[in-house]
Amino acid sequence: MRRSRYFLPILRQDPKEAEIVSHRLMLRAGLVRQASAGIYSWLPFGHRVLKKIERIVREEQDRAGALEVLMPTIQSADLWRKSGRYDDYGEEMLRIKDRHDRDMLYGPTNEELITDIFRDGVRSYRELPRNLYHIQWKFRDEIRPRFGVMRGREFLMKDAYSFDLSAQAGRHSYNKMFVSYLRTFERLGLKAIPMAAETGPIGGDMSHEFIILADTGESQVYCHKDLIDMAVPGDDIDYDSDLEPVVRRWTSLYAASDDEHDPARFEREVPAEARISARGIEVGHIFFFGSKYSKPLGCVVQDGQGRNVAVESGSYGIGVSRLVGAIIEASHDGAGIIWPESVAPFKVGLINLKSGEAGTDRACDDIYAKLSNARIEVLYDDTSERAGAKFNTMDLIGLPWQLIVGPRGLADGQVELKRRSTGEAVSLSIDDALGRLSA
RNA sequence: CGGGGCAUGGCGCAGUCUGGUAGCGCACCUGCUUUGGGAGCAGGGGGUCGCAGGUUCGAAUCCUGCUGCCCCGACCA
């Protein structure tokens with residue numbers, strides 16, 4: 001993409017409403033614009049990141065055997081009355097009336113709807129287990145939206161729902177999502193730590209929040225330092241195998257957020273030098289809730305003895321739009337964003353230091369064509385801005401690689417390849433630079 | 001929902017106290033000179049001063065009501 005043809009509105013100054021760093025950088029680097037409190041429009045640059053995160057989340061859900069569906073944003077109030085949550089959910093739920101005066105709502109989550117869908121489609125235990133997920137916009141009318149996209153009212157969430165015959169079988173479904181979350185966050189370039197969370201009606205240890213450490217996080221968290229570099233299951237993980245050992249390894253070390261934190265246990269179980277007390281951002285939450293929705297909604301299957309049994313369910317959320325902010329919180333410096341390569345909107349920024357100079361233009365056009373042909377995502381700054389402005393813009397928007405081309409280097413057949421994360425730069429020939437970027 | 005604050009061109013702000021017909025920096029447009037870490041000079045375009053009502057010869061400025069947004073707290077993917 002040529003910057004001269006792109007829509008990338010950069011702000012040189014911090015908008016005054018943006019308090020935390022990810023919000024500031026998202027506005028400055030032209031990822032989003034606020035439409036109203038807690039509601040954002042995604043501009044081309046931010047939209048690319050959102051889609052890349054979504055893709056990784058989808059790939060890892062699919063790998064774990066979950067099946068993608070797409071449920072609507074607008075739901076009828078009926079199902080929510082049956083589950084009893086129409087009254088329980090409170091002011092956070094945005095209620096709407098249609099022209100016939102029917103009660104509708106903008107979905108804050110989808111347990112009711114998915115349970116209804118599943119009930120209509122499944123009769124027999126032979127069709128279990130199943131896990132259905134979708135990636136859809138939600139609306140929760142937060143009392144106080146803040147931190148940009150991190151606590152918006154409208155947000156993009158992946159939510160999955162598992163259906164099993166028994167609680168024991170449900171545990172395996174839960175473990176699958178647990179493992180898939182470890183892999184998902186790793187691929188997003190994040191160190192996410194599963195932490196015991198409030199367990200809800202069923203009890204047990206079947207609820208975890210996945211939290212990444214960042215100074216600006218909303219929650220205070222405590223954990224053993226070994227969790228930070230604990231190895232994540234690789235591509236060869238077999239989701240049909242017993243995942244209990246993996247889950248046990250990850251949950252045997254102490255990790256808790258503020259509300260579940262037990263200082264005495266923390267000090268007893270974790271040696272002083274291994275204790276980490278930090279701020280964290282919740283990017284995922286999984287929990288098992290048994291028959292909480294299947295019972296009131298009549299979602300039953302026949303078991304092997306012909307008896308009707310309410311299915312056992314869990315739900316599993318990842319805040320996709322929140323992750324854009326969370327990744328920036330975890331990966332930036334004074335100059336701007338530093339995108340992990342897996343979610344970067346473009347892999348490389350090509351900087352023409354002297355647009356309008358025939359030789360430099362020719363070299364850049366040639367490099368741009370070669371990168372494009374090799375399907376390497378490149379943002380080519382072909383504008384007539386001065387070099388300094390281009391450098392600053394490129395640092396701000398945080399593409400992993402900068403390929404810097406100017407007449408001075410070209411005279412010796414050299415260009416400069418700079419890595420955004422370290423600032424380290426090398427001079428090399430155009431072919432070598434292209435070779436490195438293709439690797 | 002309690003407490004605090006803000007609203008003036010795309011962004012950041014001054015002007016409001018003390019009423020007199022809107023200004024600065026950046027951005028934008030034109031030209032010239034420049035060009036390896038946010039260039040200089042000259043010229044130029046753009047504002048219902050959040051909305052409604054009131055006071056006044058005259059309102060960005062004073063009064064009343066409303067709306068939007070931000071921050072702190074309690075609550076949450």
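In what follows, every chain begins at residue 1, and chains take the letters A, B, ... in the order their sequences are listed. As the structure is a prediction and not an experimental result, all values here were calculated from the model.
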Looking only at atom [atom1], what distance separates [N] and [M], rounded to whole Å?
| N | M | atom1 | value |
| --- | --- | --- | --- |
| A7(B) | C13(B) | C1' | 13 Å |
| U35(B) | G44(B) | C1' | 24 Å |
| G9(B) | C28(B) | C1' | 11 Å |
| U18(B) | C62(B) | P | 9 Å |
| G43(B) | C26(B) | P | 15 Å |
| G47(B) | A60(B) | P | 16 Å |

The complete set of ring pair (Phe, Tyr, Trp, His ring centres under 6.0 Å) pairs with one or both residues in residues 209-228 of chain A, sequence neighbours excluded, reads Phe178(A)-Phe210(A), Tyr181(A)-Phe210(A), Phe185(A)-Phe210(A), Tyr222(A)-His261(A), Tyr222(A)-Phe266(A)
For Arg279(A) and Gln220(A), test the side chains for any donor-to-acceptor distance below 3.5 angstrom and give the result as yes or no. yes
Within residues 134-150 of chain A, those residues having any heavy atom closer than 4.0 Å to RNA chain B are Arg140(A), Glu142(A), Ile143(A), Arg144(A), Arg146(A), Met150(A)
### Task
State yes or no: are the ring centers of Tyr89(A) and Trp80(A) separated by less than 6.0 Å?
yes
For residues Tyr6(A) and Phe346(A), establish whether the separation of their ring centroids is below 6.0 Å. yes
What is the separation between atom [atom1] on [X] and atom [atom2] on [N], rounded to the nearest whole Å?
| X | N | atom1 | atom2 | answer |
| --- | --- | --- | --- | --- |
| Asp88(A) | C75(B) | CG | C1' | 16 Å |
| Ile53(A) | A77(B) | CD1 | P | 19 Å |
| Asp14(A) | C71(B) | CG | P | 14 Å |
| Glu92(A) | C75(B) | CD | C1' | 7 Å |
| Glu209(A) | A77(B) | CD | C1' | 10 Å |

Counting primed atoms, P, OP1 and OP2 as sugar-phosphate and everything else as base, the B/S/- map of nucleotides 27-39 of chain B against protein heavy atoms under 4.0 Å is S------BSBBBB
Closest non-hydrogen atoms of Ile53(A) and Val324(A), given as atom of the first, atom of the second and distance, are CD1-CG2, 3.6 Å
Ring of Phe163(A), cation from Arg130(A) - is the NZ or CZ under 6.0 Å from the centre and inside 45° of the axis? no
Tyr380(A) six-ring face occupied by Arg5(A) cation (under 6.0 Å, within 45°): no
Within the sub-3.5 Å range, which N or O atoms of nucleotides 4-7 of chain B have a protein N or O partner, and how far apart are they?
residue	atom	partner	partner atom	Å
C6(B)	O2'	Lys16(A)	NZ	3.1

Might you list the N or O atoms of the protein lying below 3.5 Å from N or O atoms in nucleotides 49-51 of chain B, with each pair's distance?
none

- Message: Please tell me if Gln13(A) has a side-chain N or O lying less than 4.0 Å from either OP1 or OP2 of G10(B).
- Response: no
For His172(A), the side chain to side chain contact (heavy atoms under 4.5 Å, CB included) test, sequence neighbours excluded, returns Lys176(A), Leu243(A)
